[in-house]
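Owing to the predicted nature of the structure, the values given are computational and were not obtained by experimental measurement.
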Number of protein chains: 2
Amino acid sequence: MEPRFVTAADVARRAGVSRSAVSRAFTPGASVAPETRARVLEAAEALGYRVNRLARTLHRDRSDLVGIIGANLGNPYISAQFDALSAALQAEGLQTLLVNLRPDPRPGAEPPDLGRAVERLLEYRVRTVVLLSGAAPDELVRLCAANGVRMVLINRPAPAAGALADVIDSDAAGGGRLAARRLIAAGCRRLAVVLSESRTSAKLARADAFCAEAASGGLTVRRWTQGPNSYETGVAAARSLLEGGAARIDGIFGVTDEIALGAMNTARHELGLAVPHRLSVIGFDDAPISAWSSHRLTTVRQSLPALTGATLEAILCPADAAVSHRAVAVDLVERGSVAPARGSAPG
Amino acid sequence: MEPRFVTAADVARRAGVSRSAVSRAFTPGASVAPETRARVLEAAEALGYRVNRLARTLHRDRSDLVGIIGANLGNPYISAQFDALSAALQAEGLQTLLVNLRPDPRPGAEPPDLGRAVERLLEYRVRTVVLLSGAAPDELVRLCAANGVRMVLINRPAPAAGALADVIDSDAAGGGRLAARRLIAAGCRRLAVVLSESRTSAKLARADAFCAEAASGGLTVRRWTQGPNSYETGVAAARSLLEGGAARIDGIFGVTDEIALGAMNTARHELGLAVPHRLSVIGFDDAPISAWSSHRLTTVRQSLPALTGATLEAILCPADAAVSHRAVAVDLVERGSVAPARGSAPG
DNA sequence: CTGTTAGCGCATTCAA
DNA sequence: TTGAATGCGCTAACAG
């Protein structure tokens with residue numbers, strides 16, 4: 001005899017009431033006599049009944065499933081972000097359904113496809129799709145909208161105007177400028193920026209603003225672009241930019257902490273360059289590990305609580321609310337990877 | 001006019017067939033005329049229809065949702081493990097429904113409750129519950145079993161004999177012994193083990209085996225237990241164990257890499273102790289960041305692919321299969337945080 | 001307040 | 001192969 005899930009009918013039978021009574025006993029705000037309700041709950045308890053939320057969803061216009069599309073979940077910042085977001089959702093009674101865009105390592109496997117990911121989530125009738133990774137083509141945004149599902153884009157390229165997508169953006173340009181100004185203040189004159197090949201506009205915007213700010217200070221920036229957003233990308237960049245010392249790069253901006261850490265560690269431990277005396281390094285994110293005493297990375301902070309809060313707001317807003325654009329401020333966290341500012345303006 | 005999800009009936013109408021035909025067109029192996037099928041697919045495409053997997057689940061005996069219960073998703077090893085597992089599930093057509101056991105930071109919030117987490121997942125009729133965190137009381141295992149849901153425990157205390165739960169265990173005792181032997185070979189004589197307060201038997205077993213092995217070598221071990229499994233726990237331990245230098249601890253085993261890294265970094269950068277010359281440190285997990293040149297932590301490796309593979313096997317096994325116990329071997333990864341072995345046996 | 005009834009979207013019998 | 005009918009577990013509108 002296969003064990004089976006207990007149904008409302010089972011409970012009704014045992015409690016000697018109708019199925020509706022059972023349903024009502026589990027619906028907050030429904031009108032049930034306290035006594036009936038108690039009897040139902042008792043029977044449910046005895047039988048081990050619990051509401052089938054999947055079936056319940058058939059009736060309501062939206063489920064309490066929130067789809068999160070992410071890649072790179074091992075990344076120190078993204079994992080923290082995902083952790084915070086899923087916890088916050090849960091506190092609101094929402095549940096996290098994950099689609100992992102990580103490439104399947106098996107030979108012959110197809111590369112991950114964002115379109116399929118979204119469709120998959122639509123099949124589960126999620127109420128919202130949150131994009132932590134990848135760039136959403138307008139067509140996908142429209143697809144969701146056509147199904148009454150809002151999309152929330154976090155640090156993603158903004159979709160076409162009028163598209164039904166909320167966007168949460170930390171101030172990439174401001175952060176890039178902050179980084180450039182700080183390196184220049186430290187006396188760096190030969191700057192480089194390291195970014196991954198991902199076409200994510202947030203990372204591009206960080207790099208572009210960095211370059212623009214440097215240019216306005218009369219400096220040109222060596223731009224190093226290759227590989228994924230990973231530690232190894234930073235390692236490779238450091239080797240390529242610093243080895244031999246011909247270019248005499250003295251300031252590096254990594255568009256994510258993970259990249260910056262790869263570059264900094266390689267400079268320090270593999271190439272023997274003193275940080276920050278010979279080379280200053282600055283990152284973007286403020287991942288937890290960046291504060292560790294083994295790193296002490298100076299970085300542009302995106303406040304995780306702020307980011308999570310803005311995301312949650314967007315997710316919770318009524319289905320018919322106008323789309324919104326939430327900006328999250330960034331600030332510079334001074335630690336030990338950038339040389340002290342020279343000639344800072346006196347008091 | 002609210003946008004609504006397209007239903008099979010809509011498609012049937014447009015294609016001029018019955019709803020059943022639509023259903024069959026989307027059911028692999030059903031008997032449909034190729035021509036009908038084509039017409040249905042065309043109509044579906046035009047309308048933007050996709051199967052409602054929630055409704056589909058009402059008919060099948062199990063859903064394709066796998067519930068994962070985890071805490072500490074920001075932990076460097078756990079995030080990697082979660083990443084690998086969710087990707088592997090997806091490659092098998094299964095979907096990850098997450099319950100995050102992270103404490104709600106809001107004031108007055110209740111602490112996370114594993115029982116509620118499991119019940120929540122049962123409400124979604126998941127086919128399997130995977131426990132990455134917490135210890136499963138037998139009563140919870142029985143609860144799942146009563147609902148025909150298998151439980152998979154990863155590095156968790158084994159439930160009562162006969163309970164319907166698959167367990168995946170990396171060799172905690174073997175790893176603990178490996179760590180002890182290595183520190184002893186390095187010439188360490190004043191050992192300490194650092195563990196968190198969590199009652200997780202895996203971490204306890206690592207520590208216990210470490211102490212036992214040290215004892216058999218004539219050494220007693222200072223046991224430091226406090227706080228959660230986190231970097232800060234390692235930091236606090238290092239301060240408490242090493243500050244002042246009275247105890248002259250010369251070898252530390254952290255039961256997770258994160259703890260070991262906290263201890264090592266604090267010893268090195270805050271207390272100014274040379275690692276490995278003055279102090280040797282060894283961890284357990286082999287998280288990606290442990291290999292970084294800023295750490296080079298010698299550690300006991302749990303192979304992530306092996307762990308993920310074993311987990312997947314357990315999840316995919318038929319519902320009526322006997323419960324299984326899978327052991328994952330560990331080995332020592334030599335890096336730079338332990339002094340070279342002295343007087344190793346020649347040839 | 002309660003039970004009856006009628007769906008929600010789908011898969012699967014059963015006849016045809 | 002196909003359509004009609006039935007049921008999955010639940011909610012909601014309706015009468016009582």
Query raised in the report: Does any donor atom in the side chain of B:Asp64 or A:Tyr124 lie under 3.5 Å from an acceptor atom in the other side chain?
Result: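 Looking only at side-chain atoms, A:Tyr124 and B:Asp64 do form a donor-acceptor pair, the distance falling under 3.5 Å.
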Among [options], which nucleotide has an atom closest to any side-chain atom of [X]?
X	options	value
B:Arg125	D:dC10, C:dG9, C:dG3	D:dC10
B:Thr27	C:dT2, C:dA11, D:dT1	C:dA11
B:Val17	C:dC10, D:dG3, D:dT11	D:dG3
A:Ala33	C:dT2, C:dT12, D:dC10	C:dT2
A:Arg24	D:dC10, D:dA4, D:dA13	D:dA13
B:Ser31	D:dG3, D:dT2, D:dT11	D:dT2
A:Thr7	D:dC10, D:dT2, C:dT4	D:dC10

Separation of [X] atom [atom1] from [N] atom [atom2], in whole Å?
X	N	atom1	atom2	result
B:Tyr124	D:dG9	OH	P	18 Å
B:Glu35	D:dT2	CD	C1'	13 Å
B:Asn52	D:dG9	CG	P	16 Å
B:Arg19	C:dG9	CZ	C1'	10 Å
A:Leu58	C:dA6	CG	P	19 Å
B:Arg50	C:dC10	CZ	P	11 Å
B:Asp10	C:dC8	CG	P	11 Å

Query raised in the report: Any chance the rings of B:Tyr49 and B:Phe5 have centres within less than 6.0 Å?
Result: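 Ring centroids of B:Tyr49 and B:Phe5 are no less than 6.0 Å from each other.
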Query raised in the report: Do any side-chain nitrogens or oxygens of B:Arg56 fall under 4.0 Å of OP1 or OP2 in C:dA11?
Result: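 Yes.
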Requested in this report: Look at B:Tyr49 and C:dC10 and indicate whether a side-chain polar atom (N or O) is within less than 4.0 Å of OP1 or OP2.
Outcome: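 Answer is yes, contact under 4.0 Å.
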Query - Residue whose nearest DNA chain D nucleotide is more 5′ - B:Thr36 or A:Ala9 - result: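 Upstream on the strand: B:Thr36.
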Please determine if [X] and [Y] form a salt bridge, counting it only when a charged side-chain N lies under 4.0 Å from a carboxylate O.
X	Y	result
B:Asp166	B:Arg150	yes
B:Glu123	A:Arg53	yes
B:Arg326	B:Asp169	no

Query raised in the report: NA contact type, B:Val22, heavy-atom cut-off 4.0 Å: base, sugar-phosphate, or nothing?
Result: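 Result for B:Val22 = nothing.
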Query raised in the report: Per the atom types in the model, does the base of D:dA4 pair as donor or acceptor with the side chain of B:Ser20 at under 3.5 Å?
Result: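 Such a pair exists between side chain and base.
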